[in-house]
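Remarks on the structure that follows.
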Amino acid sequence: MARILALYTGGTIGMEATPAGLAPAPGLLPQLMERLAEPGRTVEVVEYPDLIDSSAITVAHWNRLIDDLAEAWPRYDGFVVIHGTDTLAYTASVLAFALAGLDKPVVVTGAQLPLGEARSDGWANLSDALLAASQPDLAEVVVAFDRQLLRGCRARKLDAESFAGFSSPNAPPLAEFGITPRWYRSRWRQPGKGLRPTRLSSDRVAAFFLTPGISSQLIGHTLGQTPLDGAVLMSYGNGNAPADAALLEGVRRATARGTLVVNLTQVVRGAAQFGAYAISQPLAAAGALCGRDMTPEAAVAKLLLLASQHLTPQARREAFEEDWAGEVSAAA
Ligand code: ASP
């Protein structure tokens, strides 16, 4: 008998239409989910008292999830986190890094249409999430959405229009739910040796999207002046940026202050690579780390986790380069 705990945080999946637009409807989702009862598993649904639209997520919400999962860990075989889609990929990444050593599945899911609507994608997403959470050999944070199971720290919301809201552009799916589920077990991570949860103690991480024109100066100025724990620079192509004096000075100052500056590409698929083009070298020389093919969501989450650990700036830089949860490709 698989024992599953579902933590319901909010999102479209449990909303209903109001005169002001879609809004959370307390009590509705746990009641509808009773239809998903199946022999061979028990599902306990815990509805959070403040159901949020996930665009309002904060570090405090993430800490509550980390605390609740850690507290319930010994009593359940698998976990489902029901979440709004807007920041679902950030939450999946935060949990992937915060729940080090995990030895059970944590499946994050949501929907593009409320469960109460006849055409809702929520039924399939929840059914697949519960099935994944019942797999005794799945030991990672994953996203179940539109009949796919994706690694949580590789997933991104890439479509706000279709039911295929999520993809993991740099990593293949971990399962596909056709008439018969296909479990790609060879892609799954090995179980950890026991949960070592970390709470977040910083929210001072920001991402900057480079565009031609004044943006490199503005980003450089902000990096130089603002005490951040981490910064993600979304540069071009393979991690290229103009050798703009203000930008490089900002990266140097931030690095000298102990801020980790991570260079990523704005391009959805592929990797930032220092040295692929000569123009990326000054950024590396100024102190930026290379995020390779990590998603921006995973980079932000990893920097938040690093800022929450008692490490020297050099130890943080080294820890950033390590693979924590399958967030980078070996070849990238
Ligand atoms: N705005 C909603 C949220 O993220 C969107 C969704 O759930 O699909 O909570």
Side-chain angles (χ1 to χ4, degrees), residues 6-33 36 45-66 68-69 79-96 98 106-130 132-133 141-150 152-169 177 200 203 205 207 268 295-298 300-301 304:
L7 299 175
Y8 167 36
T9 66
T12 298
I13 190 164
M15 292 190 186
E16 66 186 358
T18 71
L22 288 176
L28 180 64
L29 181 127
Q31 185 200 328
L32 289 172
M33 275 185 72
L36 295 171
V45 184
V46 172
E47 177 177 283
Y48 278 8
D50 57 331
L51 295 172
I52 57 164
D53 184 298
S54 77
S55 52
I57 199 108
T58 63
V59 160
H61 293 107
W62 284 330
N63 279 335
R64 180 166 61 188
L65 269 176
I66 294 164
D68 289 350
L69 289 166
F79 301 86
V80 173
V81 174
I82 302 168
H83 200 286
T85 60
D86 287 352
T87 57
L88 189 152
Y90 288 94
T91 296
S93 285
V94 165
L95 293 179
V106 177
V107 189
V108 191
T109 196
Q112 303 276 50
L113 275 181
L115 264 191
E117 288 194 23
R119 294 177 59 249
S120 176
D121 51 333
W123 292 107
N125 294 347
L126 279 173
S127 308
D128 295 341
L130 291 170
V141 177
V142 292
V143 171
F145 216 91
D146 191 41
R147 314 258 78 155
Q148 286 201 314
L149 196 69
L150 307 172
C153 57
R154 293 301 200 118
R156 304 199 67 194
K157 182 171 181 179
L158 293 181
D159 197 329
E161 195 64 33
S162 83
F163 290 127
F166 288 81
S167 309
S168 55
F177 303 100
L200 296 169
D203 65 355
V205 171
V268 171
T295 65
E297 294 86 342
V300 166
L304 284 171

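Computed over heavy atoms, backbone and side chain alike; hydrogens, waters and symmetry mates excluded. As the structure lists them, so they are numbered: ligands from 1, and atoms in each ligand from 1.
Shortest contact from atom 9 (O) of ligand 1 to any protein heavy atom: Ser54 N, 2.7 Å. Nearest protein neighbour of atom 6 (C) of ligand 1, counting heavy atoms only, is Thr12 OG1, 2.7 Å.
No side-chain heavy atom of Asp146 sits less than 4.5 Å from a side-chain heavy atom of Asp121. In this structure the side chain of Arg64 never reaches within 4.5 angstrom of the side chain of Leu7, judged on heavy atoms. Ile66 has its side chain within reach of Asn63: a pair of non-hydrogen atoms, C-beta onward, lies under 4.5 Å apart. Taking the side chain as every heavy atom from C-beta outward, His83 and Tyr90 never approach each other to under 4.5 Å.
Of all the heavy atoms in Gln112 and Asp159, the pair that sits closest is NE2-O, 3.1 Å. When all heavy atoms of Ser93 and Cys153 are compared, the closest pair comes out as OG-CA, 3.4 Å.
For a threshold of 3.5 Å applied to N or O pairs, the pair formed by Ala111 and ligand 1 contains at least one separation below that value. In terms of polar-atom proximity, defined here as any N/O pair under 3.5 Å, Asp86 does make such a contact with ligand 1.
The atoms of ligand 1 that sit less than 4.0 Å from any heavy atom of Gly11 are 7 (O), 9 (O).
Across the listed options Asp53, Thr85, Ile57, Thr85 owns the non-hydrogen atom lying nearest to atom 8 (O) of ligand 1.
Contact between Gly165 and ligand 1 is absent, with no heavy atom of the residue lying under 4.0 Å from the ligand.
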